[in-house]
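Both ligands and their constituent atoms are indexed starting at 1 by order of listing.
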Amino acid sequence: MKTKKLWAGLGLCLLASCMASESELDVDKELDYCDNQVNRTLTELRGAEGGSIDYTLAPRNIMDSLDTWHCRKTTKDEWCNGFWPGILWYDYEATGDEKIKAEAEKFTAPLEFLSRTPAFDHDLGFLVFCSYGNGYRLTHNPAYKQVILNTADTLATLFNPRVGTILSWPRNVQMYGGHNTIMDNMINLEMLLWASKNGGDPRLADIAISHADKTMKYQFRPDYTSYHVAVYDTLTGEFIKGVTHQGYADNTMWARGQAWAIYGYTMMYRETKADRYLDFAQKVADVYLNRLPADYVPYWDFEAPGIPNAPRDASAAAVVASALLELSTYLPAKKGGTKYKEAAIRMLISLSSDTYQSRNSKPSFLMHSTGHWPGKSEIDASIIYADYYYIEALMRLKKLEEGKPIV
Ligand code: GLY
């Protein structure tokens with residue numbers, strides 16, 4: 001790595017841009033922290049005897065009262081098992097440590113079956129693009145590329161042309177009374193757009209654009225806050241209703257849903273250069289930023305019961321920090337570039353504090369995420385996707401300050 005001196009400079013630069021927060025962010029130090037936690041996790045996965053790892057199990061969460069990872073088996077219906085290999089790829093990128101690369105490869109491999117299995121639901125992008133996608137970005141392994149291309153074709157089988165969006169949860173059609181599309185699905189469009197530009201079917205891009213446009217039209221309220229779920233008539237494509245699944249109520253802003261929207265429309269602008277996405281990304285970001293608590297880490301829903309004592313969602317803050325760093329690069333300084341970058345840095349400063357970092361207490365990077373409050377699961381926990389977007393955001397900031405492309 002180009003090292004400490006450069007990072008001393010970066011530390012000063014970040015300090016200068018964050019005077020208002022009276023704090024500073026040393027990206028190099030936080031990436032070292034992540035590497036330390038990654039190695040602690042690998043040691044934990046080897047077990048007390050220091051034995052061999054079961055690579056079909058990946059860390060998923062650590063509840064607040066516990067201090068070791070709960071792992072989940074890689075199956076077609078476990079949506080989070082791409083994040084841990086993704087973290088390992090980012091840690092390899094940060095450290096150049098070949099041992100971490102070897103672990104990244106081994107945790108990536110069990111997800112290959114998804115490229116030759118009918119789609120269970122829309123989460124294929126989270127699963128395969130965080131793992132194989134980052135792996136291909138760093139290694140250019142042609143076998144990885146083929147897995148991504150095949151999985152993109154599989155994801156496209158969920159597209160309903162009459163509706164114009166992907167059916168996110170085939171298992172829930174009856175429950176919602178129609179074709180359902182969830183805001184999280186925006187993230188999985190990235191794999192379709194990538195595939196369309198890297199040897200896959202060019203129509204994959206048409207699917208992603210159709211999905212993003214229809215979602216933009218129907219899945220947001222006039223104030224640009226989002227519904228978690230949009231339900232459409234399967235046959236006519238007509239919008240039936242907007243409801244929540246993981247938020248507090250149908251008409252409230254679920255923090256991570258809005259985070260997926262900010263990230264998703266920023267990514268859509270990157271991949272298409274269509275101004276409507278850049279404009280929309282700012283609108284959905286602004287309504288989120290304007291309602292944040294002082295430390296820039298949202299309550300799990302912006303109208304959660306019990307605020308200010310309601311649980312936070314550090315994962316939403318990590319997703320948004322990563323997205324806003326990217327968004328800042330598409331805008332002149334005075335037209336949002338500086339505003340979004342500073343907001344992202346404030347989020348990362350809070351997440352890097354002892355309030356949110358797990359530090360010695362647990363091997364995760366972060367605490368205080370909320371997975372599914374209405375379902376009473378993963379409330380105020382360490383959750384693997386919070387860690388994934390946290391290290392991604394740190395890497396993006398590192399590249400930004402080095403003048404390199406961040407994505
Ligand atoms: N994709 C589900 C979630 O954000 O919790």
Less than 3.5 Å between some nitrogen or oxygen of W260 and one of ligand 1, yes or no? yes
Could you label the plane-to-plane angle of the Y263 and Y389 rings as parallel, tilted or perpendicular, counting under 30° as parallel and over 60° as perpendicular? perpendicular
What atoms in ligand 1 come closer than 4.0 Å to a heavy atom of D184? 1 (N), 2 (C), 3 (C), 4 (O)
Y277 and D213: side-chain donor and acceptor closer than 3.5 Å? yes
Relative to ligand 1, is H372 under 4.0 angstrom through side chain, backbone, both or neither, heavy atoms considered? neither
Output the list of atoms in ligand 1 that are nearer than 4.0 Å to some heavy atom of W254, sorted by atom number. 3 (C), 4 (O)
Side chains of E326 and T266, donor plus acceptor under 3.5 Å: no
Heavy-atom contacts with R256 under 4.0 Å: which atoms of ligand 1 show up? List them by number with element. 3 (C), 4 (O), 5 (O)
May I ask you to check whether W260 and F126 place their ring centres under 6.0 Å from each other? yes
Please say whether D123 places an N or O atom under 3.5 Å from an N or O atom belonging to ligand 1. no
Using a distance-only test with no angle check, is there a side-chain donor-acceptor pair under 3.5 angstrom linking S364 and S358? yes
